[in-house]
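This structure is a prediction, so every number in the text was calculated from the model and none was measured. Count residues from 1 along the sequence.
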Amino acid sequence: MSKKNAKLKQEKSSKFVLWPIAFVISVAPLIVFMKETALSADVKQYWTGGDTYLDFFGYYKSQWLMIGTVLALLFFFGHFVIKKFEIKKSVLYIPVIIYATLIILSTATSEHPEVALNGYVARYEGMWVLLCYLALMVMTFNLVKEESQIKFLLGALLISAAIIGIIGACQYFNMDIFRTNFGKLAILPEAYHGISDSLDFTFKESNVYSIFSNPNYIGSYVALVFPIAFVAFLSFKKIYLKIGTALLMIVLLSSLIGSKSSAGIVGLAASTLLALVVFRKVIFKRKVLSIIVITVIVMAFFVANYATGGAVINKIQSEVGLETNYFDLKDIIFKDNTVSIVSGTETLVIEIGKEDELNCYDGQHNIIETKITEQEKNYIVTFIDERYKESYNDIIIDGPLIKVDQKYASIEFYIMEDRTFNLIGIQGELTKTVEKAETLGFTGKERIGSSRGYIWSRTLPLLKECLIKGFGPDNFAIAFPQKDYIGKIRAFSTARIIVDKPHNTYLQIGVNTGVLSLLAYLFLLGIYVVQSLTTYIKMEKAFLQLAGAGIFVGITGYLITGLFNDSVVGIAQIFWVLLGLGFLCNKLIRNQQSPTCVKGTIEL
């Protein structure tokens, strides 16, 4: 056998063992297919839908992630037995073992073990999925030994990114494949094909979500993958490959802009600044090309913003700015046949009189002048009193239902037979109990970042209850003070909403698996960031260094978006595999184990 054929056979063998990992990061994220999930008793208490949930974006992604990880483990141990390779020595195993142990401990002690094992509805990041993430990182770190393997995994990722980007770009230009007859039938089981015409889409046309459950996740994905595409652009020598990766960057950028994900834009902007430092030698040696790329990116952003009527910049401003238009609700007090709505500026007392008439008073029990108008089956109470006319729209009476429409919020009550009031809660339940959740910070700033200020202010106090172990993987919605009706009205303008995620990966980890697990996670990231900064601050143009630096920049962007977004199946496994690859690249470069650590670009 010739040396060339022997080398080819060896490369095929080295790539074969990585096929399951390649599947997990390239094919599994693409899966969009409906699954009707029956809700457990635990979940029903913290869900506003019915007894079942029609999931399109999470369930099968999580199932195929676990299947792919199991196959990867079989390949890993088979390869270990046949090749008898040594497990790489690294300090990264310490935080990984601690994190894995605390995931298992939090699951074992959780009051809701089914959710902890399999995940919360629409999310599916239970214990099995979290352990899969860690296993994928460790296996990637140990299985990858050659440049050809790195190219194989990154190539698979970029092919998947092209599909995701094209779907997103089409959605941006009102050509959503999932809204076509073909697309609807493709994502529905055959038994549901008859309802394809009535399939309703949550997102407006031109709002990009691609293959994820929320446009925000496009931001996390693009921040993670875009730098990898940039590295491919720098590394390729053949012009058609350069054009291909340039187009890939354009469709990814279009998807990001179309998603209006301010978290993704902030993450990509921050990683761009880091890239200017890390890739400065490459950029300065190719000034014309670099200027063209940067100019196209900047122009694309402003053209897209102009085309959407300023929607992109407006979204960013609304996310990072403070919304002052909110109802400054302080308390809701039930007493006899009255309910008092106390705000920072006035008190509205609503009373049901002896003749079942509705009366309104101020805080000093002075009558408030109103006008009642009959409208079809309802009665509309409008305020004539100038003090309340500016704050409240009206009160709608629909039988025993009372809806108080404030300028920036809506509160619903139910009148009981004894002429007392009850607040209508999350699931339509009637209650007089108005819990006041413990808060930390963001007072008066609850609506900052699309109400992230509210969620974070109620989540931070939970951390003191889970210093060692958490409430259980994916148990955030159960742990969150869902009956904090006053806070929800201030933040979301309604009490009838479930907060199912913290919009912050780090708080998500802290609550679900404990603060100690969060520290282990941060320690792992700290090791990687320090290694990468010292490795790539003086990087050359060898492929291994370009790839490692691109992974570092992508991971940094993803970690920044994690301040505003959650970990989600379909993206998180890509992050963990890239983290394993990142550690591997750092190790190879630092130990000078790769024969390609010389000047000169290596062709992919």
Side-chain angles (χ1 to χ4, degrees), residues 25 137 140 147 150-151 153-155 157-158 160-161 165 218-236 245-246 248-250 252-253 255-256 261 263-286 289-290 293-294 296-298 301 505 524-565 571-572 574-590 601-602 604:
I25 65 172
M137 187 199 73
T140 301
E147 268 192 18
I150 298 173
K151 293 175 183 177
L153 288 178
L154 295 185
L157 175 61
L158 292 180
S160 177
I218 286 288
S220 297
Y221 182 81
V222 173
L224 181 61
V225 176
F226 190 90
I228 309 298
F230 178 68
V231 163
F233 176 79
L234 292 178
S235 301
F236 284 134
T245 48
L248 172 57
M249 288 190 287
I250 290 172
L252 286 174
L253 193 62
S255 296
L256 174 60
S261 170
I265 293 173
V266 170
L268 186 60
S271 61
T272 299
L273 294 176
L274 177 61
L276 291 175
V277 176
V278 173
F279 294 107
R280 65 191 184 282
K281 290 184 179 180
V282 179
I283 292 172
F284 291 143
K285 286 183 179 180
R286 303 179 185 181
L289 184 60
S290 300
V293 171
I294 294 172
V296 169
I297 291 174
V298 173
F301 175 81
T505 300
L524 177 68
L525 296 179
I527 295 171
Y528 174 70
V529 169
V530 171
Q531 278 187 4
S532 299
L533 284 173
T534 56
T535 299
Y536 302 115
I537 198 67
K538 295 181 180 180
M539 66 166 286
E540 299 295 337
K541 293 193 298 179
F543 167 74
L544 186 59
Q545 292 185 326
L546 284 175
I551 291 169
F552 172 49
V553 172
I555 284 176
T556 300
Y558 177 83
L559 295 178
I560 291 172
T561 64
L563 294 169
F564 311 99
N565 286 346
I571 302 175
I574 299 172
F575 160 73
W576 284 100
V577 169
L578 287 179
L579 186 61
L581 266 184
F583 272 114
L584 183 277
C585 289
N586 291 352
K587 187 176 182 66
L588 291 179
I589 294 169
R590 291 165 71 89
T601 304
I602 304 299
L604 285 176

Considering all heavy atoms, the nearest Ser532-Asn586 contact: OG-ND2, 3.1 Å

Ser271 backbone acceptor or donor facing Thr556 side chain under 3.5 Å: no

Rounded distance [0.5 Å steps], CG in Leu252 versus CD1 in Ile218: 8.5 Å

Residue pair Gly267 / Ala223: nearest heavy atoms and the distance that separates them: C-CB, 4.4 Å

Nearest heavy-atom neighbours spanning Cys585 and Gly548: CB-CA, 3.8 Å

Shortest non-hydrogen contact from Leu256 toward Gly219: CD1-CA, 3.7 Å

Distance, nearest 0.5 Å, that separates CG of Leu546 from OH of Tyr536: 10.0 Å

Nearest atoms (heavy-atom pairs only) where Ala229 meets Met249: CB-CG, 3.8 Å

For Ser220 against Ile571, the heavy-atom pair lying closest together: CB-CD1, 4.4 Å

Pair Ile551-Ile228, side chain to side chain contact (heavy atoms under 4.5 Å, CB included): steps then yes or no: CA-CA 6 Å; Ile551 291 169; Ile228 309 298; 3.8 Å; yes

Residue pair Phe233 / Leu248, side-chain heavy-atom distance below 4.5 Å: no

The single option from Ile150, Leu153, Ile25 passing side chain to side chain contact (heavy atoms under 4.5 Å, CB included) against Thr140: Leu153

Plane angle bin for Phe552 and Tyr528 - parallel if under 30°, tilted between 30 and 60°, otherwise perpendicular: perpendicular

Min side-chain heavy-atom separation Ile537-Val277 under 4.5 Å: yes

Pairwise side-chain contact, Tyr221 with Asn565, heavy-atom cut-off 4.5 Å (strictly under): no

Leu578, Leu158, Leu154 screened by side chain to side chain contact (heavy atoms under 4.5 Å, CB included) with Val225, the one that passes: Leu158

Interatomic spacing from CG in Leu588 to CD in Gln545 - rounded to 0.5 Å: 11.0 Å

